[in-house]
Amino acid sequence: MLTKSSTELVRQQNSALVLAALRRHGPLSHTDIARHTGLASATVSAITAELERADVLERLDQPAAATRGRPRVIFAPRRRAGYAAAVRISSDVVQYSLADYAGTLIDRFEEGRDHAGGPVALFAEALLAGLDKLAARSRLDRTQMLVISVSSKGLVDPATARLVWSPVLGGQQIDFAALFAGRWRAKVFLSNETLLVAHALATRMERSGGEGVPALAALSLGHSIGLGIARRERTGELAVTAPNFGHMLNSADGKLCRCGAQGCIEASAGFYGILRTAFEVPPDTIPAKFVPLSEMDKIALRARQGHRMSEYAFRQAGLALGHGLSRMVSLYGNMPVAVTGPGTRYFDLMQRGLEEGLSQSLEVRLFGAPPISVVPEEATLVLEGHLDRALAAMDRDILAAGDP
Ligand SMILES: [Zn+2]
């Protein structure tokens with residue numbers, strides 16, 4: 001049959017509601033599923049029975065509270081229904097993580113990268129080997145991996161899973177869908193890393209009870225500068241984007257950026273930009289490929305001891321970020337900003353410049369600056385974003401496959 005009857009579509013939508021409730025609240029009893037989804041008790045019974053038969057859900061016996069009688073049955077996604085791999089590409093390492101269908105993290109390891117930046121083919125080969133290793137360590141068959149979710153800083157084309165420009169590979173592009181297609185049946189996703197952070201922050205806020213905020217931004221500080229914006233649409237869907245913030249033109253100041261352009265926010269606020277200003281190196285000097293944290297710590301220490309140029313370098317970085325955020329507020333409206341990434345350890349040195357940059361905009365002077373908080377655990381947020389999106393895709397695919 002090519003088209004689905006309306007009864008089948010309703011059933012599929014109701015099943016999606018049940019899975020979404022389990023993703024949002026964790027394992028739930030029959031009564032709680034009915035309460036969270038608004039579905040009738042009989043409908044919930046029919047759906048859970050069907051999803052159990054299809055090996056999508058499993059029953060867990062929750063030990064009864066000491067004072068009460070028999071154990072309660074709760075439902076959860078069946079752990080072995082499928083697996084997701086998350087691959088995080090960063091300037092110095094590639095991190096591989098494996099989770100099961102219940103969202104449990106099973107394995108995680110890192111492989112070093114050569115900063116010198118070899119040819120893209122070698123990098124692609126290393127990625128394939130890394131994924132093989134991830135499956136082999138948990139004795140998984142390649143067919144059990146349903147999603148491979150890759151993230152990088154830079155510009156990505158999520159529709160085709162193509163990395164367009166990245167700090168790691170520059171203009172050398174990788175088509176991840178094509179790279180994995182021969183070996184893996186898994187669906188392949190490519191996301192900008194800070195987009196995943198914004199996604200995870202928005203999801204966390206919702207899970208912590210309240211309504212969540214209508215919009216929030218994540219600003220990642222480090223060697224490169226990333227921005228993710230999460231907005232709740234009227235339909236209830238979470239829309240997350242990663243505008244090209246780090247390479248947005250900030251000022252015609254002639255500071256050479258890693259992307260080859262001049263005057264990008266990153267050229268002032270990225271680690272190499274701060275280093276260049278602190279050491280009074282001409283602004284058109286070719287940016288350092290990688291600046292170790294220990295080097296940045298030294299400049300920060302000097303700034304805190306009152307060294308004028310080091311202080312000034314962080315202040316200029318803050319100013320560029322403040323100008324950038326004021327433009328974001330003008331374009332998207334005011335929203336809370338969570339600052340994350342390795343650069344948060346120098347945030348105290350950038351804060352004054354950032355506030356100064358923000359306060360120069362009319363929008364901010366009229367309606368106030370966005371509330372800014374520091375959330376240092378970037379790696380955890382990136383992984384949460386990977387898994388949440390991967391599991392949602394697995395749910396959609398499992399339900400769309402028909403029976404269930
Ligand atoms: Zn740039």
Side-chain angles (χ1 to χ4, degrees), residues 89-92 113 115-117 120 123 151-158 162-174 190-198 217-229 241-292 295-296 299 313-328 330-332 337 339-343 346 350 353-354 357-358 378:
I89 302 167
S90 56
S91 337
D92 50 345
R113 275 188 25 78
H115 301 154
V120 70
F123 180 65
S151 67
S152 169
K153 298 229 155 103
L155 275 180
V156 308
D157 178 3
R162 203 164 44 91
L163 186 58
V164 179
W165 186 91
S166 65
V168 173
L169 297 165
Q172 298 188 91
Q173 302 193 350
I174 293 192
L190 174 65
S191 308
N192 171 287
E193 192 180 286
T194 317
L195 180 148
L196 296 179
V197 173
L219 175 67
S220 172
L221 306 182
H223 205 59
S224 48
I225 306 294
L227 184 79
I229 295 180
T241 51
N244 188 18
F245 186 81
H247 300 282
M248 180 163 75
L249 177 64
N250 178 58
S251 162
D253 53 13
K255 286 183 184 164
L256 182 62
C257 180
R258 258 192 308 179
C259 70
Q262 291 189 344
C264 300
I265 289 188
E266 190 182 292
S268 289
F271 282 174
Y272 65 86
I274 297 173
L275 177 131
R276 205 165 42 191
T277 311
F279 288 110
E280 298 180 67
V281 178
D284 58 354
T285 306
I286 291 176
K289 273 251 179 220
F290 185 78
V291 184
E295 196 61 41
M296 291 304 296
I299 303 173
F314 282 106
R315 180 93 182 261
Q316 288 300 107
L319 197 63
L321 294 170
H323 285 154
L325 286 179
S326 83
R327 290 178 188 128
M328 179 199 78
S330 297
L331 293 169
Y332 293 92
V337 179
V339 185
T340 188
Y346 318 118
M350 295 188 243
L354 191 145
L358 269 170
E378 188 178 40

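Every number for a ligand or one of its atoms is a count from 1 in the order of the listing.
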Visitor: So does Val197 get a backbone contact from the side chain of Thr194, meaning a donor-acceptor N/O pair under 3.5 Å?
Guide: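 Looks like no, no N/O pair under 3.5 Å.
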
Visitor: Just verifying a value: how many Å separate Arg276 CZ and Tyr272 OH, rounded to the nearest 0.5 Å?
Guide: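 Rounded to the nearest 0.5 Å, the CZ-OH separation comes out at 6.5 Å.
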
Visitor: Which residues pass the side chain to side chain donor-acceptor pair (under 3.5 Å) test with Glu295, not counting sequence neighbours?
Guide: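 Partners of Glu295 by the side chain to side chain donor-acceptor pair (under 3.5 Å) criterion come out as none, since no residue qualifies.
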
Visitor: Please test Ser220 against Glu378 for side chain to side chain donor-acceptor pair (under 3.5 Å), starting from the C-alpha separation and ending with a verdict.
Guide: CA-CA 8 Å; Ser220 172; Glu378 188 178 40; 2.6 Å; yes

Visitor: Within less than 2.8 Å of the Zn ion (ligand 1), how many protein N/O/S atoms are there?
Guide: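 Number of qualifying protein atoms: 4.
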
Visitor: When rounded to the nearest 0.5 angstrom, what distance separates CZ in Phe123 from OG in Ser166?
Guide: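 Rounded to the nearest 0.5 Å, the CZ-OG separation comes to 7.5 Å.
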
Visitor: Quick one: does any side-chain atom of Asn250 pair with a main-chain N or O of Ser268 as donor and acceptor, under 3.5 Å?
Guide: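 Looks like no, no N/O pair under 3.5 Å.
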
